[in-house]
Visitor: 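Supplied in structure tokens, the structure appears directly below.
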2 protein chains.
Amino acid sequence: MKNDNTPVNAERLAIAQEVKAVLDTEFFTALCEPVRVDIIRRLISVGACDVKTIAQGMSQDRSVISRHLATLERAGITASRKSGRRVEYDINGPDIVTKVSDILKVIAPMAQLCVPFKAVDQSKEGVA
Amino acid sequence: MKNDNTPVNAERLAIAQEVKAVLDTEFFTALCEPVRVDIIRRLISVGACDVKTIAQGMSQDRSVISRHLATLERAGITASRKSGRRVEYDINGPDIVTKVSDILKVIAPMAQLCVPFKAVDQSKEGVA
DNA sequence: AGTATATGTGCACACATATGCACACTTTGC
DNA sequence: GCAAAGTGTGCATATGTGTGCACATATACT
């Protein structure tokens with residue numbers, strides 16, 4: 001009685017494939033480091049800011065903050081602009097929201113499909 | 001309508017505070033490792049699965065996979081259930097979707113508020 | 001009983017990364 | 001032109017972590 005073309009399995013495979021594309025390792029790696037999260041929070045609070053000003057409120061050396069900012073920019077979390085001899089960094093809000101939004105779109109079906117150790121009901125799939 | 005003295009700055013501070021609460025370092029750390037992402041994708045495709053079966057398709061040792069699964073469970077990404085001498089792991093879909101959804105809720109205003117090097121227009125705020 | 005299977009953990013090792021110091025480069029001001 | 005300020009990078013070091021092997025524990029099978 002079980003339609004073994006397995007539509008559920010097909011949906012699982014599709015999600016697994018999309019997850020691979022949307023789960024940016026570089027993006028998450030940038031968010032792992034607590035110091036980088038502090039930098040992000042500071043930039044959200046203050047807005048565009050140069051390296052020295054950011055580093056002034058933190059215990060790490062200025063060169064360390066500079067490296068973290070480079071990592072954040074590679075991950076698409078911040079953007080930089082040269083202003084004279086200073087370099088201003090700012091949060092890349094639109095890109096971040098887009099990235100997280102894309103992730104949520106892909107994994108959303110998992111809320112019903114990937115319930116731990118709960119068999120998925122295949123008979124009443126289409127019904128609301 | 002927000003006609004306070006410093007509406008933008010207040011909103012920035014609020015987001016920075018909420019970001020601290022919602023950005024779970026343990027969650028992102030679990031998603032940094034490519035091997036763990038492979039495990040996640042495998043579990044999404046196959047469903048609940050024991051350690052040996054998961055490890056069979058991967059180049060790493062069983063013990064390594066076991067440790068990765070422990071890390072994923074600590075991060076709330078997977079759940080485990082003992083079944084005889086085996087231990088089955090499964091994706092914790094609802095918790096993952098909730099966590100990402102919470103993050104998106106917090107950072108959503110950043111799409112308009114944290115545009116790099118773009119002054120926020122405070123005069124015409126209410127208009128769509 | 002004993003044997004086989006499945007899982008997790010202690011240990012050692014290799015690799016990645018965060019950190020601080022010194023230096024080079026760029027730009028501003030005298 | 002020269003000094004000062006801001007930034008990024010090479011280098012060495014300390015800490016964290018992924019990996020594999022061996023072993024201990026728990027459960028199933030005969």
Side-chain angles (χ1 to χ4, degrees), chain A residues 23-43 46-92 116-117, chain B residues 23-43 46-92 116-117:
Chain A
L23 248 59
D24 190 356
T25 303
E26 202 174 29
F27 180 71
F28 291 123
T29 304
L31 264 39
C32 285
E33 179 60 38
V35 180
R36 283 194 286 265
V37 176
D38 282 348
I39 296 176
I40 293 173
R41 294 183 57 232
R42 186 172 301 260
L43 283 177
V46 183
C49 204
D50 60 289
V51 180
K52 189 192 177 186
T53 307
I54 300 173
Q56 274 175 354
M58 321 198 61
S59 59
Q60 280 77 9
D61 191 75
R62 190 186 32 78
S63 61
V64 175
I65 305 299
S66 176
R67 276 184 238 266
H68 281 314
L69 286 168
T71 302
L72 288 172
E73 189 165 7
R74 275 193 301 270
I77 297 175
T78 60
S80 65
R81 184 178 60 171
K82 205 165 187 298
S83 172
R85 57 187 165 189
R86 302 178 313 164
V87 177
E88 292 184 348
Y89 285 85
D90 201 355
I91 295 290
N92 196 338
F117 314 119
Chain B
L23 248 61
D24 190 358
T25 303
E26 201 173 31
F27 181 70
F28 291 123
T29 304
L31 263 39
C32 285
E33 179 59 39
V35 179
R36 282 194 287 265
V37 176
D38 282 348
I39 295 176
I40 292 173
R41 293 182 58 232
R42 187 171 300 259
L43 283 178
V46 182
C49 204
D50 59 289
V51 181
K52 189 194 177 186
T53 307
I54 301 173
Q56 275 176 353
M58 322 197 61
S59 58
Q60 280 77 8
D61 192 75
R62 263 189 359 267
S63 61
V64 175
I65 305 299
S66 177
R67 277 184 238 265
H68 282 315
L69 286 168
T71 301
L72 289 172
E73 190 165 7
R74 275 193 302 270
I77 297 176
T78 60
S80 65
R81 185 179 60 172
K82 204 166 189 296
S83 171
R85 59 186 164 187
R86 301 178 312 164
V87 177
E88 292 185 347
Y89 285 85
D90 201 355
I91 295 290
N92 196 339
F117 315 118

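Each chain gets a letter, A, B and so on, in the order the sequences are listed, and its residues count up from 1.
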Visitor: Describe, as an angle rounded to 10 degrees, how the axis at the first end of the helix from dA1(C)-dT30(D) to dC30(C)-dG1(D) is tilted relative to the axis at the last end, five pairs per end.
Guide: 20°

Visitor: Quick one: which of dA18(C), dC21(D), dT19(C) gets closest to the side chain of Val35(A)?
Guide: dT19(C)

Visitor: Of the listed nucleotides (dG8(C), dT26(C), dG8(D)), which one gets closest to any side-chain atom of Val87(B)?
Guide: dG8(C)

Visitor: Tell me which nucleotide among dT7(C), dT19(C), dT27(D) gets nearest to the side chain of Arg62(B).
Guide: dT7(C)

Visitor: Atom CG of Asp50(B) and atom C1' of dA28(D): how far apart are they, to the nearest Å?
Guide: 14 Å

Visitor: Is it the case that the side chain of Lys52(A) and the backbone of Ile54(A) share a donor-acceptor pair, with hydrogens and angles ignored and the cut-off at 3.5 Å?
Guide: no

Visitor: dG6(D), OP1 or OP2 - any side-chain N/O from Tyr89(A) closer than 4.0 Å?
Guide: no

Visitor: Rounding to a whole Å, what distance do you find between Phe28(B):CZ and dT17(C):C1'?
Guide: 19 Å

Visitor: Report which part of the nucleic acid Val51(B) touches: base, sugar-phosphate, or nothing (heavy-atom distance under 4.0 Å, all strands).
Guide: sugar-phosphate

Visitor: Identify which nucleotide among dA26(D), dT19(C), dT26(C) has an atom closest to any side-chain atom of Lys82(B), counting heavy atoms from C-beta outward.
Guide: dA26(D)

Visitor: Determine: side-chain N/O of Arg85(B) to OP1/OP2 of dC29(D), distance under 4.0 Å, yes or no.
Guide: no

Visitor: May I ask you to evaluate whether Arg67(B) reaches the phosphate of dT7(C), defined as a side-chain N or O under 4.0 Å from OP1 or OP2?
Guide: no

Visitor: For Ala75(A) and Phe27(A), which heavy atoms make the closest approach, and how far apart are they?
Guide: O-CD1, 3.8 Å

Visitor: Is the shortest side-chain N/O distance from His68(B) to OP1 or OP2 of dT19(D) below 4.0 Å?
Guide: yes

Visitor: Calculate the interatomic distance between Lys52(A) atom NZ and dG8(D) atom C1'; express it in whole Å.
Guide: 16 Å

Visitor: Does Thr29(A) use its side chain to pair, donor to acceptor, with the backbone of Thr25(A) at less than 3.5 Å?
Guide: yes

Visitor: Separation of Glu33(B) atom CD from dT17(D) atom C1', in whole Å?
Guide: 9 Å

Visitor: Suppose we screen for salt bridge (Lys or Arg N to Asp or Glu O under 4.0 Å). Which residues come up paired with Asp90(B), at least two apart in sequence or across chains?
Guide: none

Visitor: If I take atom CG in residue Leu31(B) and atom P in nucleotide dG18(D), what distance separates them, rounded to the nearest angstrom?
Guide: 13 Å

Visitor: Can you tell me if Arg36(B) uses its side chain to pair, donor with acceptor, with the backbone of Ala30(B) under 3.5 Å?
Guide: yes

Visitor: Would you mind telling me which of dT9(D), dC21(C), dG18(D) lies closest to the side-chain atoms of Asp61(A)?
Guide: dC21(C)

Visitor: Rounded to the Å, how far apart are Leu69(A) CG and dT9(D) C1'?
Guide: 15 Å

Visitor: Need to verify one output field. Residue with the more 5' nearest nucleotide on DNA chain D, Arg86(A) or Ala70(A)?
Guide: Arg86(A)

Visitor: When you get a sec, tell me which of dA4(D), dT19(C), dG8(D) is the closest nucleotide to the side chain of Ser66(A)?
Guide: dG8(D)

Visitor: Counting C-beta onward and ignoring hydrogens, is there a side-chain heavy-atom pair between Arg81(A) and Val87(A) closer than 4.5 Å?
Guide: no

Visitor: Knowing that exactly one of His68(A), Arg67(A), Glu73(A), Arg74(A) qualifies, which makes a side-chain hydrogen bond (donor to acceptor under 3.5 Å, both in side chains) with Thr71(A)?
Guide: Arg74(A)

Visitor: Which of these nucleotides, dG20(D), dA22(C), dT7(D), is closest to any side-chain atom of Gln60(B)?
Guide: dG20(D)

Visitor: Tell me whether Ser66(B) contacts the main-chain N or O of Arg62(B) through its side chain, where contact means a donor paired with an acceptor under 3.5 Å.
Guide: no

Visitor: I need the CZ-P distance between Arg74(B) and dT17(D), as an integer number of Å.
Guide: 10 Å

Visitor: In whole Å, what is the span from the CD1 atom of Ile54(B) to the C1' atom of dG8(C)?
Guide: 14 Å

